[in-house]
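Just so it is clear: chains get the letters A, B, ... in the order the sequence lines come, proteins before strands, and each one is counted from 1. Bear in mind that the values here come from a model prediction, so they are computed numbers and not experimental data.
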Number of protein chains: 2
Amino acid sequence: MAKLTIRDIAALSGVSKSTVSLVLNNSPKVDPATRRHVLAVMRRNRYVPSFAATALAKGSTRLIGMVVPGLSWHMVASINIGVAAVTERSGFDIILYTATNDRDYGSLIDRILTSSMVSGLLVVSHEQPLEPLVQLHSDGLPVVLVNTIDADVALPSVTADNYDGALTAMDHLLQLGHERIACVQGRMVYRCCQDRYRGYLDALRSAGIQPDPELTKPGDFLPEQIRARSRELFALPPDQRPTAVFAHSDVTAYAVMTAAAEAGLRVPEDVSVIGFDDIESAAQIRPPLTTIQQPFVDMGKRAAEMLLEAIGPADDVPEEEPADERPRLVMPTSLIVRASCGPVPVTRSPRGRSQTTSKA
Amino acid sequence: MAKLTIRDIAALSGVSKSTVSLVLNNSPKVDPATRRHVLAVMRRNRYVPSFAATALAKGSTRLIGMVVPGLSWHMVASINIGVAAVTERSGFDIILYTATNDRDYGSLIDRILTSSMVSGLLVVSHEQPLEPLVQLHSDGLPVVLVNTIDADVALPSVTADNYDGALTAMDHLLQLGHERIACVQGRMVYRCCQDRYRGYLDALRSAGIQPDPELTKPGDFLPEQIRARSRELFALPPDQRPTAVFAHSDVTAYAVMTAAAEAGLRVPEDVSVIGFDDIESAAQIRPPLTTIQQPFVDMGKRAAEMLLEAIGPADDVPEEEPADERPRLVMPTSLIVRASCGPVPVTRSPRGRSQTTSKA
DNA sequence: CTGAAAGCGCTTACAG
DNA sequence: CTGAAAGCGCTTACAG
């Protein structure tokens, strides 16, 4: 069971090591008959070239690194599905770095990644500092960021259009006649949440509605806090109580719905709730959640494609010009209409706000 | 920015390559002063040894492979958290193989894994053929299986105690007075589902209740099918209708609850529903789901520990004796009581079954 | 189209 | 405690 080497294959097929190597690398300069023969010998002996030796000799690996903030997020899992789909058929394997604690994030970056183990890096960014990545990128390592990203970072990226998604969510609510729409925020240090909140505000304003600060609640993606803040919302006097809630995530929406139920409010009869993400259970809960779907799988695919393109065709790596184009892909979201949003309750429908919307 | 090599460090610190290598490998035969000095030089120049060269020279990598059936499952994500927690502090990195399609599973195994890229393999098994793994294992590659596994496979493994979990779930229901308890099955080709079903049957029998075949429904983890089969359950005449449902997964339970709502039945007043898994949203939905928690994170930790132990301390790899002990760890589950199960509806409570349970 | 040779960056006996 | 040398298994000009 001793591992076979290229030398063994050479001996077994009666050619030199060089020739074996050439067939390994699909060189056109090998006689077709020779190649077939060598290939057959390799197959018969279940020969697999040593990964390490190949990497050393070539100076590059068929490995791309993927840095994620834990796998338990629906987002990360979905992105990975997309990434895996494209890396799979490109012969690349992915090595996974779970950057759990911020502490060693920096060292992770320059420890492992400088060891030239990886020919490219996919980062599902988080709250981590981005400078080390910028550094790496300008040193010539292909890097692409997925999901949250600060607009001013000079790195290729693919994100979802959170602003537009929020606009769409709000339009849905607005068209159902809602005017007092609350917003339960996510983690506001995230760019994506900031964008969603801007969308909330802008949608309101362009409908001629002055945002009521009292209807904005922090949630920080913490179920406890979300429930507490939602309770405040639902404890408001009937004429001030929101008739709809825009939650910054589906799980946030669940907690809002729980609070609603505790307050004796029915969804969607008494209060409409819209989420963001479209996680798997969104269709399964009662009532099925209306939400904004983020195209995570596609985002993963596109990101992987961008990265592979940047890595280039194995050989002609243009060391000198690190592809100064920094593509930013912003992917559209979609409104998934299920049952958690309904028309504004009739008993309260036309209320005396200072302005009237131009919408139905 | 040219990558520094051990030679550069040697030159910069005025010692030989060997010495640098020795400090790299924490050899005790290096003068402490020399070591400090070399270390300082390395740090100052941000030197990182080449992964490929180290792997080639040592004949082994600090990489462990993890084969998973897609990341979108809660289970896989949680297991990975555990795995990452232990590999992280052991200096191992994990390379992730997402075995999406069965087709290339076999080739995946012997392609990549034989290339000696990986010093151990963690497999979150699925419906995949296990023979290639057994082969690999007897060839000396440490392998450990996580989660589903056939009892007769001669491989180290860590699984959850699905049988006992089912027993616990059923006991909970039984103690609430339920006698007509339905079971909505998962994918019955999975060992775990078979175990859960055995638990269901045995719990019933040891409570003196003859299982009613009509109360067992296939679901196969398919929401559509689950809903359809549940509808049949709830359409039964009131005296034959189940008062409780044991679902083989939380998501299955969600679909059952949806069907119940559609049938005008309240949970838990009219029908109790218990799940299996304890996924994140289980606490968030309405009503919060009572369920059996599987210790996925711990399972991942234990599996990683077993694997690292099998890999051993880098050097003394006992090539000859491939550790013939094949530990099987079966980890306990826990009952998480929330609000989806209640006492049997009073209007129906003492019904004329042929047998009476000995329980309250 | 094929072979001999040097080299990728480390590790590991072996001398000293 | 430290150095010179061979070797890990490939790849890649360079001859032929």
Check: Is the side chain of A:T19 donor-acceptor paired with the backbone N or O of A:V15 at a distance under 3.5 Å, no angle test?
Finding: no
Item checked: Partner residues of B:T54 under the side chain to side chain donor-acceptor pair (under 3.5 Å) criterion, sequence neighbours left out -> none
Next item on the list: Compare the minimum distances between each of C:dC8, C:dT11, D:dC10 and the side chain of B:N25, then state the nucleotide with the smallest one.
Entry: C:dT11
Check: Which residues pass the side chain to side chain donor-acceptor pair (under 3.5 Å) test with A:D8, sequence neighbours left out?
Finding: A:T5
Checklist line | Under the side-chain contact (heavy atoms from CB on, under 4.5 Å) test, residues paired with B:A10 that sit two or more places apart | finding: B:K17, B:V20
Check: So what does B:T54 hit on the nucleic acid, given a heavy-atom distance under 4.0 Å: a base, only sugar-phosphate, or nothing?
Finding: sugar-phosphate
Check: Where each pair must be Watson-Crick or G-U wobble with both distances under 3.5 Å, what dot-bracket representation of DNA chain C is obtained, with crossing pairs in [ ] and other-strand partners as |?
Finding: |||.||||||||.|||
Next item on the list: Please tell me which of the listed nucleotides, D:dC10, C:dG9, D:dT11, lies nearest to the side chain of A:K58?
Entry: D:dT11
Next item on the list: Under the side chain to side chain donor-acceptor pair (under 3.5 Å) rule, collect the residues that match up with B:S90, sequence neighbours excluded.
Entry: none
Checklist line | Whole angstrom value for the distance that separates C1' of D:dC10 from CG of A:L56 | finding: 8 Å
Give every donor-acceptor pair under 3.5 Å between a side-chain atom in residues 33-45 of chain B and any protein atom, sequence neighbours left out.
| from | atom 1 | to | atom 2 | distance (Å) |
| --- | --- | --- | --- | --- |
| B:R35 | NH1 | B:S27 | O | 3.4 |
| B:R35 | NH2 | B:V23 | O | 3.4 |
| B:N45 | ND2 | B:V41 | O | 2.7 |

Checklist line | Footprint string (nucleotides 1-7 of chain D, 5' to 3'): B base within contact, S backbone only, - free, heavy atoms under 4.0 Å | finding: SBBBB-B
Margin query: Distance check needed: D:dT12 C1' versus A:I6 CD1, whole Å only.
Written below: 11 Å
Margin query: Under the rule for side chain to side chain donor-acceptor pair (under 3.5 Å), what residues qualify as partners of B:S18, not counting sequence neighbours?
Written below: none
Check: Within the pair B:Y47 and C:dC10, is there a side-chain N or O less than 4.0 Å away from OP1 or OP2?
Finding: yes
Next item on the list: Please identify each residue that fulfils side-chain contact (heavy atoms from CB on, under 4.5 Å) with B:L56, with sequence neighbours left out.
Entry: A:A52, A:A53, A:L56
Notebook entry, point to check: Which whole-number value in Å describes the distance from A:N26 CG to D:dT11 P?
Noted result: 11 Å
Note to self: Without decimals, in angstroms, what is the distance between A:L4 CG and D:dC8 P?
What the structure shows: 15 Å
